[in-house]
Amino acid sequence: MQTFEIKEEFLVDGKPTKLISGAIHYFRMTSAQWEDSLYNLKALGANTVETY
């Protein structure tokens, strides 16, 4: 299990981590498109997903 902390920086398992986020508006697509959208977001280097 991973740990996540916020001190003066973001830490994942005690290591400084830069959050790179992208937005997915899941309600604007079919559920069949979610996996591809998340895959593409990760391929672009994102490690965080923003959604409403």
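Throughout, residue positions are numbered sequentially from 1 according to the sequence presented.
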Who else is in [X]'s hydrophobic cluster (ILVMFWY, side-chain heavy atoms under 4.5 Å, direct or via others)?
X	value
Trp34	Ile24, Tyr26, Phe27, Met29, Leu38, Leu41, Val49, Tyr52
Phe10	Phe4, Ile6, Val12, Leu19
Tyr39	none

Practice item. With rounding to the nearest 0.5 Å, note down the distance linking CG in Asn40 to CD in Glu35. Key: 10.5 Å
Study note, to complete from the structure: Distance col, row Leu11:CG vs Thr17:OG1, nearest 0.5 angstrom, shows 7.0 Å
Point to revise | side-chain contact (heavy atoms from CB on, under 4.5 Å) partners for Asp13, two or more places apart | key: Gln2, Thr3
Check your understanding: Closest approach of Ala46 and Gly22, non-hydrogen atoms and distance?
Key -> CB-N, 4.4 Å
**Study point:** Contacts of type salt bridge (charged side-chain N to carboxylate O under 4.0 Å, His left out), residue Lys7, not counting sequence neighbours
**Key:** Glu5
Practice item. For Glu50, enumerate each residue passing the side-chain hydrogen bond (donor to acceptor under 3.5 Å, both in side chains) test, keeping only those at least two apart in sequence or located in another chain. Key: none
